Structures are given as C-alpha cells and as structure tokens.
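Working notes, beginning with the structure itself.
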There are 2 protein chains.
Amino acid sequence: MSVALSTAQSLTLWHDVALAMVRDDEPDLSVRQVCILLTIYLEAPPHTVRDLAKKLGVTKPVITRALDTMGKLELVSRRRDDKDRRNVLIQRTVKGALYLERLADTIGNHAKRL
Amino acid sequence: MSVALSTAQSLTLWHDVALAMVRDDEPDLSVRQVCILLTIYLEAPPHTVRDLAKKLGVTKPVITRALDTMGKLELVSRRRDDKDRRNVLIQRTVKGALYLERLADTIGNHAKRL
DNA sequence: CCAGACTGTAACGGACCCGAAACAACCAGA
DNA sequence: TCTGGTTGTTTCGGGTCCGTTACAGTCTGG
C-alpha cells in the first residue's frame with residue numbers, strides 16, 4: 001500500500017497541517033514533543049526515558065522535560081516500574097489519544113484534498 | 001488526485017518525518033517557523049510581515065523573530081520594498097530551497113514506504 | 001553487604017520565544 | 001506641510017527549552 005507524493009504535494013501537505021497546528025488554540029507542541037508522543041502511541045510498551053532518548057538521538061533530560069510539559073497537559077503519564085524501581089514507564093492517556101486522533105484527522109483530510 | 005491515508009498511516013508518516021527532523025544535525029525549526037518558510041515558498045510573492053502574521057493567526061513580532069532566526073540560518077532574506085518603504089519583502093534563498101527540497105524528499109520517501 | 005553501574009531527575013547558564021506595548025520609519029490625504 | 005494611520009521592529013517581563021553536569025534512588029554481582 002504505497003503512497004506516491006510529488007514534491008509540491010509533500011510540502012503542501014506539511015504546510016497545511018502545520019498551519020492547522022499553529023492556528024489551533026492549544027499550545028503548540030514542538031517537533032520533539034510530537035515525536036515522543038507518537039512513539040509512545042505507535043510503538044509497543046513499555047517505554048522508558050532511556051529508550052526514548054536513544055530512539056530520538058537526544059539526551060535524557062530532553063525526554064524528562066518533554067514528559068514534564070506533556071504531563072501537565074495530560075497527554076502522557078508516568079509511573080514507576082515495580083519490577084525495577086529505577087525505571088519510569090511512560091503511559092498513554094485519554095487526552096493524548098484524542099490529541100493524536102485529531103492530528104490524524106487533520107493529516108488525513110489534507111491528504112485527501114491534495 | 002486524492003490521497004487516502006488511514007489514521008495509523010497518517011500518524012506513522014508524521015512520526016517518521018518528525019523523527020528524521022529531530023535526528024538531523026541542523027537545528028530544529030519550530031512548527032511556526034516551518035509554516036512560515038513553506039508559505040513563502042509555496043505561495044506567490046510578495047510576502048510581507050503583515051500578510052504572514054494574518055495567514056498564521058499570530059502577532060507581527062512572532063514573524064519578525066522567526067525571520068531573524070531563519071535569516072541567520074540563511075533560509076530566507078529580507079529587503080525593503082522600494083515602492084512602499086514601510087514594507088519588508090521576504091524572499092527565498094538557495095539554502096531555504098534546498099532545505100525544503102530535502103524535507104519534501106523525506107516526506108515523499110516515508111509516504112512511499114507506508 | 002556493599003561498591004559500582006544503572007536508572008531518572010535537578011541545577012545551571014545561555015539561548016530562544018511569547019504577547020503586549022511602545023517605538024521609529026514611512027505614506028497619503030486634507 | 002503636517003497629521004493620522006500604516007508599516008516593521010524593539011523592548012519588557014516571564015516562560016520554556018537546550019546540553020552539560022551533578023545528583024539521588026535503585027539494582028546486582030562479588
């Protein structure tokens with residue numbers, strides 16, 4: 001199931017979705033934050049700070065701070081791992097799922113109109 | 001020429017491209033900055049600070065600061081309008097064109113692999 | 001049981017961004 | 001000419017994010 005996009009189509013799609021995110025009332029998430037959020041929701045748990053940092057190629061504090069911010073927005077939640085209490089497990093939330101559902105709608109709608 | 005994307009496909013595409021942007025060496029542009037950059041390159045000139053602010057639904061200083069930053073990176077350039085010297089015309093640069101070409105490649109490649 | 005390795009987090013200094021307001025340069029109509 | 005409105009920019013106070021470094025809690029093998 002391959003999707004072919006021309007250069008102009010790719011950029012138009014990205015522009016339209018970015019514009020929708022900017023005009024949105026909700027506070028803008030950075031690219032890094034969205035990337036973390038998507039990783040949590042698309043890939044199989046468990047998710048730890050260390051894993052996420054490695055996957056994104058950034059330092060651990062970057063992940064901690066992004067989780068702080070998105071935690072305030074209730075897009076993700078954290079819990080200590082009972083098996084190994086050094087670990088923190090990052091978990092999904094209802095708000096986070098809704099946020100991404102809306103994002104997917106935006107992307108899908110603009111792709112359809114290309 | 002319509003492109004149909006499922007929810008999972010939309011999110012996977014966004015995740016993969018965001019990941020590529022994060023792992024990239026170049027400094028991350030914010031969603032707002034990318035949006036401005038794309039507007040300049042996709043829509044017909046002339047582009048002024050006022051127009052961009054209106055299109056994005058943000059204040060003028062936001063545009064000025066974004067142009068400062070992207071100007072340092074040589075992704076855009078500014079020039080006074082000779083017809084009306086109050087206006088500043090925002091112009092494309094070679095670096096900016098290359099940046100967006102690379103972005104389009106990334107988007108296109110990941111779309112193809114969906 | 002304890003030293004070392006491993007977790008995630010806090011502290012620091014610097015850079016950037018925000019919105020609101022004030023500002024300087026410029027145009028255009030009376 | 002000169003005044004009111006328009007442009008883009010700067011300033012202000014407050015916030016977030018960055019990477020580095022240092023830290024505190026937790027496991028684990030000798």
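None of the values given here were measured: they were computed from a predicted structure. So that the names make sense, note that chain A is the first sequence line, chain B the second, and so on, each numbered from 1.
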| query | Are Arg86(B) and Asp84(B) within salt-bridge range, i.e. N to O under 4.0 Å? | reply | yes

| If you measure from the Lys or Arg side-chain nitrogens to the Asp or Glu carboxylate oxygens, is any gap between Arg102(B) and Glu26(B) under 4.0 Å? | yes

| Phosphate oxygens OP1/OP2 of dC16(C): is one of them under 4.0 Å from a side-chain N or O of Gln33(B)? | no

| Is the shortest side-chain N/O distance from Ser30(B) to OP1 or OP2 of dC16(C) below 4.0 Å? | no

Close N or O pairs between protein and nucleotides 27-30 of chain C (under 3.5 Å):
unit_1  : atom_1 : unit_2   : atom_2 : d
dC27(C) : OP1    : Arg85(B) : N      : 3.0

Is [Y] close to [X] at the side-chain level, that is, under 4.5 Å between some pair of heavy atoms?
{"X": "Lys55(B)", "Y": "Cys35(B)", "answer": "no"}
{"X": "Arg78(A)", "Y": "Asp68(A)", "answer": "yes"}
{"X": "Leu37(A)", "Y": "Tyr99(A)", "answer": "yes"}

| query | Could you give the start and end, 5' to 3', of the contact zone on DNA chain D for chain B, using atoms under 4.0 Å from its heavy atoms? | reply | dG5(D) to dT11(D)

| message | Under 3.5 Å, is there a donor on one side chain and an acceptor on the other for Thr39(B) and His47(B)? | response | no

| task | Classify the nucleic acid contact of Val62(A) as base, sugar-phosphate or nothing, counting any heavy atom under 4.0 Å across all strands shown. | result | sugar-phosphate

| Does any N or O donor sit under 3.5 Å from an N or O acceptor when you compare the side chain of Arg65(B) with the base of dG19(C)? | yes

